Chemist: 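Let me begin by handing over the structure; questions about it come next.
Note that the coordinates shown come from a computational prediction; the quantities given were computed from them, not determined experimentally. All values below were derived from every heavy atom in this structure, side-chain atoms included, with hydrogens, water molecules and symmetry-related copies excluded. Read the numbers this way: they start at 1 and go in the same order the structure lists the ligands and their atoms.
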Amino acid sequence: MDWNGLADLGEKARSRHILELFEKDDRDQVFSRTFDGLLFDFSKTNIDETTLSALVALARDAQVEPRRDAMFRGDLINITEDRAVLHTALRAPEGTVIKVGGQDVMPEVLATRARMATFAQAVRDGAFSAQGGKITDVINIGIGGSDLGPVMGVLALAPYHDGPRVHFVSNVDGAHIADTLRGLNPETTLVIVASKTFTTSETMTNAATARDWMAAKVADVGAQFVALSTAEENTAAFGIAPEQVFGFEDWVGGRYSMWGPIGLSMMIAIGPEDFTAFLRGGAAMDAHFREAALADNLPVLLALVGLWHHQVMGYATRAVLPYEQRLLRLPAYLQQLEMESNGKRVAMDGSDLDRVSGPVIWGEPGTNGQHAFYQLIHQGMEIVPCEFMVGAQGHEPDLAHHHTLLVANCLAQSEALMRGRSLDQARAMISDMGFDDAELERQARHRFFPGNRPSTTLAYDRLTPRRLGQIVALYEHRVFVEGVILGINSFDQWGVELGKELAAGLGQILSGEEAADGKDGSTRMLVAYMMGNAAR
Ligand SMILES: O=P(O)(O)OC[C@H]1O[C@](O)(CO)[C@@H](O)[C@@H]1O
């Protein structure tokens, strides 16, 4: 199956209502899959059996299976950086052998995992003694993949958080670190500097500020700093002793790194045992991705539904809508995962892509989003495929009635999006309001919902560490499958470099070391405004 065949199927789908597809009684069964406590329902999309077969054939023809095996094997599939892609090794169980360049990487991974657990436990139980006694607060300083994974995970697993308070500083805006440090005691605070490269300007600036803050009160500042990085020379130059550095290899991409050292803050928060459960969830999804047939493979199906909506149907964005307040940062995490991985314009061989690459990802937990942007989702001119997520249980047994309402809202939204409300129904609703015919028609049109709007629902029993691990790995592999089918290298991110380079030069201009002469008129004007109004 090729894209032209899919385009024809897309045309057919445009003239059909999703509800018609439910005339077949078993649609819910045919268009849903379960795996290890998860239920993925994609029946409320305009995909019929022919389309599903065509999409699966697309995946097969794109060599998803051999490419997947190459990734797990440790082949150098990140061709622009000449690296393997082995974040899966970080969650692989003991006994696994994974070779890169003939060398088994697992002994080192397991040794680091064990060191992390010992350290995290020591911080949690007070055996790691700060100058002021037991650590009360941990600050993770990092950005992008060195922030979003752990911040998302710590929030998601709040019911399991029984370690010290954990704070995250990412933005170079001094407000972020100032607001975080205010009220903290340097003597009982541990600072984790998380940076794969240990050169990222935001992180190094924040780390230096934290070091100054601590130095004002603490004699041995280095003792309360930890580094998570692949760059040992840089961590040493910063003054962090090797025993407080948790290293990893360049075959772990930043946005795929929360499973290893970058997850240390999360491990300190929830404890090594629950962190291990998170890893096991990820490893279970890895096994499923490797073993399940394409048509039953959750990451593959999620990817195919995404490609159908974005590349075939032309829907520009995708909303991620967790009905789980604690997944507050999941949309931001998935933004980086998807948009940094698949927001590309050239294929592996450097030629221009012949179709759009990854979609814009956005979202917010329900029910908050309902009172903000769902108006557009239901009645706007753009169709936004929605990915709902919801657990059958919360962690608050005394508040079960809240949870029932939460779930009811989630299910109501996907039903409303699909079903809509006809003009006749809208007219009937307001028929006793005393409007004349013209006004009735006008009012009814405002209350009309076109429906036929696609969504998927990922349901799970409860957001445990294991479930979170499964969900994160599910999305990682989904992004991989999309990338393979689009012919993209999902593991580089050259698109972030130009802005970084220009920012370095503009820093010099704004501090008066360089002139703005070579800049365009707009940039010169903005520089002049900033310099003219800068704090003195
Ligand atoms: O961990 P580092 O090296 O500080 O990089 C942080 C982030 O910056 C990026 O390189 C670009 O934004 C991301 O890919 C990465 O997660």
Chemist: Just say parallel, tilted or perpendicular for the rings of Trp362 and Phe373, cut-offs at 30° and 60°.
Modeler: perpendicular

Chemist: Between Asp137 and Thr189, is there a side-chain donor-acceptor contact under 3.5 Å, judged purely by atom types and distance?
Modeler: no

Chemist: Give every residue pair that meets the side-chain hydrogen bond (donor to acceptor under 3.5 Å, both in side chains) criterion with at least one member in residues 278-290, sequence neighbours excluded.
Modeler: Arg91-Asp286, Asp286-His477

Chemist: I'd like the residue list for ligand 1, meaning every protein residue with a non-hydrogen atom under 4.0 Å from the ligand.
Modeler: Ile143, Gly144, Gly145, Ser146, Ser195, Lys196, Thr197, Thr200, Gly254, Gln336, Glu340, Gln493, Val496, Lys500

Chemist: For Asp179, what residues pass the salt bridge (Lys or Arg N to Asp or Glu O under 4.0 Å) criterion, not counting sequence neighbours?
Modeler: Arg182

Chemist: Cation-pi check, Arg115 to Phe246: give yes when NZ or CZ is under 6.0 Å from the six-membered ring centre and within 45° of the ring axis, no otherwise.
Modeler: yes

Chemist: For residues 232-240, tabulate all N or O donor-acceptor pairs below 3.5 Å that involve a side-chain atom, not counting sequence neighbours.
Modeler:
from: Asn234; atom 1: ND2; to: Thr197; atom 2: O; distance (Å): 3.0
from: Thr235; atom 1: OG1; to: Glu232; atom 2: O; distance (Å): 2.8

